[in-house]
Protein chains: 2
Amino acid sequence: MPLPSFNAPNLGVTPTASEVITKHLREAIIGGHFDEDEPIRQDDVARLFNVSKIPVREALKRLEAEGLVVFQRNKGAVVTRISEPELAQIFEVRVLLEVQAIRLAVPNMTEETFAQAERICQAFVGETDIGHWAELNWALHACLYEPAKRPFLINLIRSIHDKVERYLRMQMSLSAGKDRADHEHREILEACRAGDADKAAMLIEQHIIGVCRTLYEHLPNRLTPN
Amino acid sequence: MPLPSFNAPNLGVTPTASEVITKHLREAIIGGHFDEDEPIRQDDVARLFNVSKIPVREALKRLEAEGLVVFQRNKGAVVTRISEPELAQIFEVRVLLEVQAIRLAVPNMTEETFAQAERICQAFVGETDIGHWAELNWALHACLYEPAKRPFLINLIRSIHDKVERYLRMQMSLSAGKDRADHEHREILEACRAGDADKAAMLIEQHIIGVCRTLYEHLPNRLTPN
DNA sequence: AGGACACGCCTCGTATACAATATCTGCACT
DNA sequence: AGTGCAGATATTGTATACGAGGCGTGTCCT
């Protein structure tokens with residue numbers, strides 16, 4: 001008998017210290033609580049969590065692989081600064097991946113999907129905290145892509161999303177960024193409801209490109225030296 | 001004066017133990033020197049490199065983030081097994097990204113590019129070691145994508161490549177995998193020479209899909225239990 | 001004033017040590 | 001034979017300890 005898969009509570013996945021720290025540090029970096037190029041002092045973090053440096057270092061190594069920090073020999077880890085050309089490349093890839101995701105997802109969407117997306121949109125307009133905006137923003141994207149049933153693709157999108165979320169927050173707090181995002185989200189949702197994958201794809205593309213553009217316009221011009 | 005950027009040897013990047021170990025472990029995993037699901041004993045690796053467990057663990061944490069190993073609480077790291085559905089998804093994403101890369105690259109290719117690609121193709125046919133095949137295979141792809149001037153995209157492709165390289169080796173050693181790869185590579189190169197980005201893109205797509213297909217046909221059927 | 005060196009402090013990278021957990025083994029019991 | 005339990009052993013995850021390299025400051029020399 002192949003053991004009827006009742007959902008057992010998957011014992012033995014109590015997180016280790018290094019995992020907890022990874023999660024919190026990641027969120028802190030994504031949330032913009034560190035300045036770019038700011039070094040992360042291992043001892044400080046260790047004291048903060050009441051642990052030794054070892055799990056902190058392991059967490060930082062993970063985040064290094066995720067591209068959120070960079071180690072400099074004997075100087076420790078600093079939060080990565082994303083150059084403008086790189087930012088453009090990241091958005092270019094986002095377009096590619098997210099367009100594909102929505103294309104695959106639209107045919108599989110159900111009333112449940114729309115209801116969930118609707119809820120997130122509602123919450124979005126009522127939310128005042130920037131951090132929560134960003135969370136809801138991602139939640140909506142994830143909700144729309146989930147029916148594609150492509151966990152690998154969606155994880156990839158998320159990891160890329162994580163890298164630029166700091167900037168997305170900037171963009172949403174800037175100008176009428178939030179209203180515009182809300183408006184565009186609803187348009188996308190409508191296209192999905194209509195089952196129009198092409199239109200949804202096109203709107204997602206415009207949405208992402210638009211965010212990238214306003215970002216560029218409002219970024220402190222970091223290319224000028226001195 | 002903005003200091004004429006002569007390429008200084010970037011001192012202060014002498015690799016740490018954990019970096020060296022990361023590199024070697026990664027290559028070992030990619031090269032298929034570990035079986036899937038095989039646990040990696042920290043002490044063993046440490047002894048091998050004549051160090052303590054600490055840098056080994058840090059290396060493993062990096063590789064975990066790269067998706068090459070998975071940690072299980074109190075049981076350490078095991079080499080990740082890629083399920084068939086996930087494999088399919090990975091190849092789907094590869095198509096998307098590599099098609100984009102070649103599209104962007106073709107217009108920027110120079111004689112230098114073609115000469116380099118030609119050299120790699122030559123080396124490929126003369127090579128008998130499977131590990132070197134795989135290296136040259138990647139070298140060729142990288143060479144063709146490089147003119148796109150999209151380091152972010154190319155790094156992404158490489159990290160995905162790394163995840164499946166074990167399987168690519170299988171495929172190339174199987175059947176007439178290598179000859180076929182060589183043939184297809186040359187076709188792609190021809191299209192690039194002709195400046196026909198659409199055709200190159202199409203060939204890349206077929207190439208990747210073809211590899212995926214033969215892989216599926218020859219994989220030990222891992223879905224049947226008992 | 002400016003450069004060369006010495007000293008001290010801070011932080012990193014890693015070795016060693018140890019408790020907690022998993023895994024193995026043998027033995028008693030049925 | 002199969003189950004349950006008690007050590008013994010192996011392996012992990014983390015704390016502590018320490019050497020080595022960066023970096024600031026002061027002092028000396030010219």
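Only heavy atoms go into these numbers, but all of them, side chains included; no hydrogens, no water, no symmetry mates. Just so we're clear, the structure is a prediction, and the values are computed from it rather than from any experiment. Within every chain, numbering begins at 1; the chains are lettered A, B, ... in the order of the sequence lines, protein sequences first and strands thereafter.
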Student: Find out whether A:Glu165 and A:Asn137 are in side-chain contact, i.e. whether some heavy atom of one side chain is under 4.5 Å from a heavy atom of the other.
Tutor: no
Student: Ignoring hydrogens and geometry beyond distance, is a side-chain donor-acceptor pair present between B:Gln100 and B:Arg103 at under 3.5 Å?
Tutor: no
Student: Taking CD from B:Glu58 and P from C:dT14, how many angstroms apart are they, rounded to a whole number?
Tutor: 7 Å
Student: Given B:Glu66, which of B:Lys61, B:Arg158, B:Arg26 fulfils the salt bridge (Lys or Arg N to Asp or Glu O under 4.0 Å) condition?
Tutor: B:Arg26
Student: State, yes or no, whether a side-chain contact exists between A:Leu48 and A:Ile21 at a heavy-atom distance under 4.5 Å.
Tutor: no
Student: Tell me: NZ of B:Lys75 to C1' of C:dA20, nearest whole Å?
Tutor: 15 Å
Student: Rounded to whole angstrom units, what separation is found between the CZ atom of B:Phe71 and the C1' atom of C:dA22?
Tutor: 16 Å
Student: Does any non-hydrogen side-chain atom of B:Ile157 lie less than 4.5 Å from one of B:Arg94?
Tutor: no
Student: Check DNA chain D against residues 41-54 of chain B and give the residues with a non-hydrogen atom under 4.0 Å, in numerical order.
Tutor: B:Arg41, B:Gln42, B:Asp43, B:Lys53, B:Ile54
Student: Heavy atoms, side chains only, cut-off 4.5 Å: are A:Glu36 and A:Arg166 in contact?
Tutor: yes
Student: Taking the side chain as every heavy atom from C-beta outward, state whether B:Trp138 and B:His141 have any pair of such atoms under 4.5 Å apart.
Tutor: yes
Student: Looking only at side-chain N and O atoms, does B:Arg57 come under 4.0 Å of OP1 or OP2 in D:dT12?
Tutor: no
Student: Taking side chain to side chain contact (heavy atoms under 4.5 Å, CB included) as the test, write out the residues that go with B:Ala28, two or more places apart.
Tutor: B:His33, B:Phe34
Student: Would you mind reading off the distance between B:Ile40 atom CD1 and D:dA10 atom C1', rounded to a whole angstrom?
Tutor: 18 Å
Student: Under 3.5 Å, which N/O atoms of the protein pair with N/O atoms of nucleotides 19-21 of chain D?
Tutor:
from: D:dG21; atom 1: O3'; to: A:Asn74; atom 2: ND2; distance (Å): 3.2

